[in-house]
Amino acid sequence: MAKKHQTPMLDELEKGPWPSFVTDIKRMAETGKDACADLLGQLELSYKDKEGHWKHGGIVGVLGYGGGVIGRYSDVPELFPGVEHFHTVRVNQPAAKYYSTEAIRKIMDIWNRRGSGMLNLHGSTGDMVLLGAFTDELEPIFAELTANGWDLGGSGSALRTPSSCLGKSRCEFACIHSEDICYDLTQSYQDELHRPAWPYKFKFKVDGCPNCCVASLARSDCAIIGTWRDDIRIDAAAVKAYAAGEYAANGGAHGQDCKLDIQKDVVDLCPTQCMAWDGKTLSINNKECTRCMHCINMMPRALRPGVDTGASILVGAKAPILDGAQMGSVIIPFIKMEPPYEEFKEFVEKMWEWWDENGKNRERIGETIQRLGLGTFIAAVDLEPDPRMVKEPRSNPYVFYKEDEVPGGFDRKIEDYRKRHAR
Amino acid sequence: MAKKHQTPMLDELEKGPWPSFVTDIKRMAETGKDACADLLGQLELSYKDKEGHWKHGGIVGVLGYGGGVIGRYSDVPELFPGVEHFHTVRVNQPAAKYYSTEAIRKIMDIWNRRGSGMLNLHGSTGDMVLLGAFTDELEPIFAELTANGWDLGGSGSALRTPSSCLGKSRCEFACIHSEDICYDLTQSYQDELHRPAWPYKFKFKVDGCPNCCVASLARSDCAIIGTWRDDIRIDAAAVKAYAAGEYAANGGAHGQDCKLDIQKDVVDLCPTQCMAWDGKTLSINNKECTRCMHCINMMPRALRPGVDTGASILVGAKAPILDGAQMGSVIIPFIKMEPPYEEFKEFVEKMWEWWDENGKNRERIGETIQRLGLGTFIAAVDLEPDPRMVKEPRSNPYVFYKEDEVPGGFDRKIEDYRKRHAR
Amino acid sequence: MAERLTDIGPPKYDMFWPQVIKENAGKWLYHDILEPGVLLHVSESGAKIWSVRCGATRLMTTMMVEEICKIADQFCDGHFRFTTRNNVEFLVVDQAKLEPLKKALAAHGSLPVGGTGACITNIVHTQGWVHCHTPAIDASGVVKAVMDELFEYFGSHKMPAQVRISLACCLNMCGAVHCSDIAILGVHRKPPVIEHTHVDKMCEIPTTIAACPTAAIKPAKVDDNKSVAVNADRCMFCGNCYTMCPAMPLADADGDGIALWVGGKVSNSKSMPKFSKLAVPFIPNEPPRWPTTVKLIKQIVEAYVAGANRYERLGEWAERIGWERFFEKTGLEFSHHHIDDYRFAATTWRTSTQFKW
Amino acid sequence: MAERLTDIGPPKYDMFWPQVIKENAGKWLYHDILEPGVLLHVSESGAKIWSVRCGATRLMTTMMVEEICKIADQFCDGHFRFTTRNNVEFLVVDQAKLEPLKKALAAHGSLPVGGTGACITNIVHTQGWVHCHTPAIDASGVVKAVMDELFEYFGSHKMPAQVRISLACCLNMCGAVHCSDIAILGVHRKPPVIEHTHVDKMCEIPTTIAACPTAAIKPAKVDDNKSVAVNADRCMFCGNCYTMCPAMPLADADGDGIALWVGGKVSNSKSMPKFSKLAVPFIPNEPPRWPTTVKLIKQIVEAYVAGANRYERLGEWAERIGWERFFEKTGLEFSHHHIDDYRFAATTWRTSTQFKW
Ligand code: SRM
Ligand code: SRM
Ligand code: SRM
Ligand code: SRM
Ligand code: SF4
Ligand code: SF4
Ligand code: SF4
Ligand code: SF4
Ligand code: SF4
Ligand code: SF4
Ligand code: SF4
Ligand code: SF4
């Protein structure tokens with residue numbers, strides 16, 4: 001059906017050294033994929049109009065699931081019938097996005113037969129995003145996916161697909177098993193993931209250490225970030241090797257020729273100034289260290305996080321809608337994270353319960369906390385106030401007291417007052 | 001009339017090395033001053049009750065003035081008739097609070113005859129606060145004050161008594177003549193000071209340099225703070241003398257024995273790290289200096305502010321009521337301040353006009369700016385946006401555009417839109 | 001029909017791990033970036049794994065995936081992964097296959113090696129005109145144009161520190177651009193145009209009204225239709241009403257375009273995470289290659305490279321020199337749009353005489 | 001009767017200057033604090049002036065002023081001044097009179113010399129129970145008790161840097177305590193008690209309602225009286241309603257007391273000005289000598305002296321070591337009251353994994 005459209009503007013995007021999605025899609029279109037040809041056609045029209053050409057939403061899905069599929073229809077379907085329906089299927093990625101060619105080929109095969117053949121690897125939340133299916137195909141796609149061991153990810157006012165950095169699988173900095181935590185939460189909360197029931201969306205992201213390679217601190221309602229409570233491990237011999245210029249600085253991030261000046265690059269840049277270097281020995285006053293990772297990043301062969309590891313839990317990160325963007329803020333400074341993660345899950349369930357009861361429609365938990373107060377939230381999840389939860393104590397004097405905190409309570413009689421004070 | 005009251009609690013405040021206001025007032029009471037005896041009596045009662053014993057406000061004043069007197073009545077007058085009326089008279093202090101014994105004795109004489117004989121030197125805004133007069137005495141007090149060259153200060157929704165640091169009179173750091181500016185503004189705006197006409201109070205404070213010895217930045221709706229645009233003056237010989245330990249560090253503020261480590265105490269603590277010291281020469285990259293005063297404070301005999309001096313104007317400081325405390329924020333990064341200060345006064349009048357038109361009842365100008373936007377205020381006083389006005393650019397994407405900023409304006413037809421986009 | 005499978009969740013994470021990871025997970029000792037795009041990880045056991053990172057388009061076809069699979073089969077026993085920024089990583093266990101892999105990638109032509117260390121790595125981005133209904137800009141096209149210009153920085157270690165560029169095509173910020181070194185954000189600048197004949201049919205009016213962060217929307221009766229009215233003076237074009245109500249589109253060829261934000265970061269290394277700050281309030285949409293956007297980003301990047309200390313993130317640099325200096329060094333204009341006027345605006349005002357000329 | 005004099009303003013500032021200031025104003029070259037309380041200023045011309053600073057009570061009698069005048073006449077040709085923190089400065093032109101002046105002051109007994117340099121100078125304060133109608137605490141008595149305890153720091157240079165203590169007896173903060181190293185603040189903790197029979201007579205109800213920052217006040221009819229009702233859950237005891245309406249007093253023996261705040265500063269030296277932060281939410285009123293308040297202030301001061309670097313203001317110290325450490329070092333308790341829940345609360349939350357154990 002789809003004819004090959006003229007795409008003079010898009011063709012400009014075939015130039016230049018960076019890989020071109022246009023070139024990729026064009027060749028797929030040439031194999032006869034209507035959706036590909038029409039997608040390019042419609043995109044060319046958008047380039048001309050400087051406006052998108054998709055209709056608003058559209059509720060489609062698979063049986064028994066409240067999410068996982070985003071409905072999408074063209075607003076110029078007569079011109080581009082191949083993308084008249086262009087629904088996306090969010091396939092829950094494996095934690096840290098490792099694949100075997102065998103496994104991914106099965107999905108590609110399904111997608112070639114039943115979908116547009118175009119996809120995002122990966123969506124911003126972490127899913128494999130299969131882009132463009134007709135409504136009829138959704139249920140068969142789902143059946144084939146599950147038959148092959150795959151399931152849908154989240155959408156709507158539900159738990160969203162959790163994601164993690166690669167952590168212990170290939171990173172020496174990992175203080176917690178980010179992938180296992182991600183997998184465990186995903187499996188434990190399948191119902192919350194597939195059947196929207198909350199005021200709004202809720203995201204978990206798991207980072208193995210404070211470097212935050214999955215950006216949990218900026219993009220998840222609940223960020224689980226690995227950290228430690230004991231001392232940074234120092235390999236004194238390796239420190240000497242760095243000083244002697246035997247190892248590249250910062251794990252080679254600035255080239256193998258870039259060597260480390262331990263005083264200038266490590267000690268002077270430590271945010272707490274808790275390190276000392278006398279030309280021979282590097283020492284760290286661990287009590288004053290805030291575990292920022294800088295020194296470890298600079299000298300990965302000499303320094304390692306401690307061994308009493310666990311996570312800091314930061315709640316409330318989100319994008320700007322409605323009340324402005326937020327980052328996560330510290331709710332649990334330290335919690336051990338060993339399977340089956342029960343202490344953590346108890347916290348999660350208390351948190352959800354509170355949010356479910358108190359959150360307004362379309363209010364992320366971070367906003368509910370803003371509206372009702374961090375102190376209120378802390379109390380609701382049975383935690384004690386801790387200065388680690390704030391950057392600084394309050395500076396305004398507008399302090400609330402509950403009646404039972406004040407001797408004599410709030411009820412007073414004006415007559416008593418007037419006995420002491422004439423009007 | 002007043003008997004000597006028993007004041008066992010207050011008597012405890014006669015002990016200890018710090019001067020005792022109780023002892024002072026007691027001896028005055030002994031001379032037969034009823035007000036003094038009764039003030040102590042009533043204060044003792046407050047100590048017992050843990051509640052004050054003054055009635056709320058009371059409108060009293062002198063003819064033709066809307067302020068300058070704060071009405072006050074005892075709520076237990078039968079017990080303490082000497083303070084039944086206890087109005088305060090705010091006498092506009094001389095800039096920087098220099099007195100001759102001759103001049104102040106005249107005021108004390110008036111106050112002994114017609115008032116309580118008690119006063120505050122000085123009130124927080126800067127006035128001499130004569131504490132405690134009966135209503136009948138107010139007009140005579142005013143007449144005697146003016147006859148001796150003194151006038152009342154401000155109160156109510158008016159300009160408040162301007163005040164300043166001692167500046168050029170005895171401080172080598174003064175970049176502007178803070179006392180002259182204070183005096184000039186006070187004289188120029190006598191009407192605004194005495195006849196409340198605004199949404200709320202308005203305060204000027206003038207500091208000769210960024211050390212802010214009159215705390216203008218924290219306590220005045222319009223802070224005028226001396227600064228400079230050229231280079232810090234360096235006396236190289238004096239630098240050497242500091243290095244040699246000949247001069248005390250920080251002008252002797254830590255004792256004459258405390259000497260300066262130029263690298264550690266000056267260069268390393270410079271917030272912009274724009275200084276260098278090679279053991280012989282101190283150099284400053286003035287372009288990067290933020291004129292914080294630290295180095296000058298440390299080495300007053302070697303460093304001096306530049307000679308192209310003027311002021312930064314910071315608007316909006318205030319205490320917490322209603323919307324929270326504010327500090328002043330930079331509105332004019334630099335303005336020359338030479339008599340008759342016309343450019344500055346033009347700004348002041350524009351600012352007042354805008355606030356008068358836009359401010360709500362009991363809204364300080366800082367709050368009006370918060371409510372309507374700093375950008376709106378800047379535009380209203382005919383200034384250009386400058387990055388020096390903010391610590392950082394906005395981080396939220398909620399940017400307003402006016403219709404004339406956007407090609408084609410805001411008026412669009414849904415029919416046109418629907419021509420391009422099916423529903 | 002067999003029982004319908006649901007709620008099985010994703011495959012377990014270790015299913016696709018190469019054997020060396022199965023054996024050494026949690027035991028890695030250190031890493032070394034051997035050259036741009038090539039990582040070596042060494043285990044306590046002495047085991048090693050090489051990862052070769054390649055730029056990818058994120059929006060790709062199954063054909064492209066098949067090509068990746070072929071390469072992975074040939075050099076990596078069928079193992080590969082994607083990074084959190086949409087790069088592909090080929091996992092090499094046998095050192096002998098490293099150079100041949102690199103040759104094969106060079107021959108492929110669309111899998112540039114890089115994205116490690118002090119580089120400009122792949123741009124995290126969103127759907128744009130390819131799929132979403134609310135974008136103010138395209139995503140993939142802008143990314144392509146920008147990455148072409150910054151290509152030399154992808155495959156090298158020339159930056160003072162890592163630079164993370166993100167793109168989101170509307171204020172929903174699916175790219176979470178609010179904490180990026182450089183953020184490219186699609187912005188609308190016209191209030192919604194209201195289809196009064198359909199508001200009541202297609203939308204829940206109270207929810208729509210509640211959705212507006214500035215309370216710009218009021219109920220209104222227009223030509224006998226129950227509808228809404230928007231106070232244009234209070235509208236800041238967030239598009240949240242449109243999310244709730246399809247009868248209130250914002251998209252407009254003249255109104256829409258790009259805002260640039262700078263200086264955000266997520267990692268806790270050295271300085272605490274930071275929000276991105278507004279650098280350029282508006283650049284018109286200039287498809288297909290968005291030359292002004294590309295130029296201004298280059299300008300920011302070059303000023304940063306010239307001015308920053310090694311290991312200093314873009315935001316750390318801007319804060320060290322001061323934002324007044326940032327605008328001077330980048331040659332960008334400071335306008336009233338840069339002055340915050342939203343909820344926490346007052347916390348961004350300069351309450352000090354400390355600033356630079 | 002002669003024409004009534006009005007609007008003459010204060011005497012001109014230079015009327016009361018000693019001759020040496022008239023000649024050298026604007027020409028001062030440097031200063032030197034010779035010993036605690038004794039300042040020397042040297043002019044470009046070589047002229048000198050010595051200033052001897054003495055603590056004073058602010059609340060004083062004309063008798064006290066007369067005593068100051070006598071001393072000034074004897075040693076200073078009748079010249080003296082007050083500082084912005086209510087100390088007296090005797091201005092000495094003739095060096096020979098310096099030592100005799102100091103002796104005379106010592107003999108006087110109520111004019112302690114000090115208040116310069118790295119000291120704890122006089123406490124800026126307000127009216128308290130001596131004059132105002134809204135205080136939660138007394139002012140002069142608390143100041144006396146605290147200064148007695150800190151007396152050794154007034155006349156010495158033992159602090160790491162200057163320490164500015166301020167007191168305000170209610171949230172109106174006439175002492176502008178919001179930017180002080182240590183702030184003593186009178187706080188109420190009970191909502192206003194309403195005199196329903198008088199609200200309509202004594203107050204303008206709409207203005208009263210508008211005065212409440214948290215919108216806790218609603219109109220109400222009570223026993224046929226037009227009055228108001230206060231939602232106690234929303235009241236944070238600011239007293240602003242009472243300012244507008246005398247029929248709503250807040251003062252209460254059990255409810256009222258002191259909160260301590262720390263770490264503010266005004267000067268721009270080194271760090272930018274800072275607000276004071278909550279250290280101790282509440283201490284009951286303990287007249288006549290407020291022992292708990294005195295003890296806790298001492299505790300803060302001693303932790304600061306022990307921990308801070310030289311030249312480091314209290315707030316700079318707290319920020320360097322981190323607030324979690326501040327609470328540890330001072331032995332103060334951190335409670336939910338320390339967590340901000342007002343307008344900018346979210347900007348105070350810790351959005352980083354950076355903190356100390
Ligand atoms: C597909 C995806 C973008 C992409 O190209 O990768 C996406 C696409 C949409 N997002 Fe998103 N979001 C996607 C990740 C995100 C992220 C990033 C993340 O999860 O790490 C964010 C920021 C983090 C956050 O959650 O705050 C994000 C914040 C939003 C928001 C703003 C939410 C807020 O509280 O501020 C909306 C608006 C809404 O929910 O109404 C939104 C809404 C949408 C909608 C459903 C549009 C709408 O108005 O209803 C988009 C559908 C696009 C389409 O047709 O394909 N999307 N969205 C991402 C999901 C793919 C996946 O499952 O992997
Ligand atoms: C006398 C004085 C305190 C003192 O002991 O020194 C004082 C006393 C009062 N102030 Fe004040 N203020 C005094 C300086 C200040 C200052 C400090 C300053 O000016 O540098 C401030 C903080 C800075 C500011 O202006 O914000 C100050 C902020 C307030 C406020 C809160 C204003 C706000 O916007 O937050 C109020 C409440 C009000 O206006 O309703 C207030 C109200 C009052 C009232 C009139 C009480 C009231 O609720 O109406 C007090 C009368 C007390 C009395 O009976 O003696 N007073 N007031 C000070 C004036 C003396 C003088 O003229 O020199
Ligand atoms: C592969 C990946 C994780 C994954 O699960 O996929 C990853 C892997 C590594 N990161 Fe990362 N980071 C990855 C995304 C991130 C992100 C997230 C993002 O950009 O969206 C961040 C936070 C960015 C931010 O702060 O805005 C991130 C902040 C870091 C940092 C902190 C650097 C800093 O100075 O702030 C380090 C430490 C370093 O580089 O010295 C780090 C270090 C590392 C190390 C060295 C960890 C290790 O020992 O193996 C890995 C190689 C770094 C390299 O490529 O230079 N990784 N890293 C991600 C690769 C993305 C890409 O394709 O470009
Ligand atoms: C006399 C007085 C001005 C006046 O017009 O009355 C004054 C006088 C001087 N101040 Fe001040 N300051 C005076 C109140 C202030 C205030 C206001 C306040 O405390 O309410 C401040 C701001 C306080 C704050 O930041 O919270 C103030 C912040 C400074 C600073 C900045 C210090 C810092 O490290 O932040 C300096 C510089 C220094 O001391 O090195 C300074 C320096 C000076 C110098 C050295 C200026 C000079 O060259 O003569 C004067 C002698 C200082 C000394 O006593 O140690 N003056 N100074 C005030 C004496 C108050 C008192 O009796 O104790
Ligand atoms: S967040 Fe930490 S543990 Fe995870 S990949 Fe990045 S550096 Fe490694
Ligand atoms: S982790 Fe950060 S804070 Fe801790 S010692 Fe290293 S650089 Fe310093
Ligand atoms: S503010 Fe500056 S000029 Fe004024 S007295 Fe203080 S140090 Fe001197
Ligand atoms: S005034 Fe401050 S910023 Fe300028 S050189 Fe001196 S210490 Fe540095
Ligand atoms: S950022 Fe906006 S336009 Fe882009 S995908 Fe997300 S919701 Fe759609
Ligand atoms: S675009 Fe945003 S601000 Fe404008 S009317 Fe819609 S919801 Fe309100
Ligand atoms: S702080 Fe409050 S109680 Fe004290 S004088 Fe000011 S208004 Fe009165
Ligand atoms: S004390 Fe303050 S918060 Fe409470 S009712 Fe009165 S005005 Fe409102």
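Just so it is clear, the model here is predicted, and its values are computed rather than measured. Just so it is clear: chains get the letters A, B, ... in the order the sequence lines come, proteins before strands, and each one is counted from 1.
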Output field: ring centroids [X]/[Y] closer than 6.0 Å:
| X | Y | result |
| --- | --- | --- |
| F142(B) | Y65(B) | yes |
| W129(D) | Y47(B) | yes |
| Y99(B) | H122(B) | yes |

Problem set entry | Under 4.5 Å from a heavy atom of chain B, the part of E35(D) involved | neither
Side chain, backbone, both or neither of [X] within contact of chain D (heavy atoms, under 4.5 Å):
| X | answer |
| --- | --- |
| C295(B) | neither |
| T31(B) | side chain |
| A147(B) | backbone |
| H194(B) | side chain |
| T186(B) | side chain |
| L39(B) | side chain |
| N361(B) | side chain |
| K48(B) | neither |

For this session: Using only heavy-atom distances, determine whether the side chains of Y13(D) and D180(B) contain a donor-acceptor pair under 3.5 Å.
Result: yes
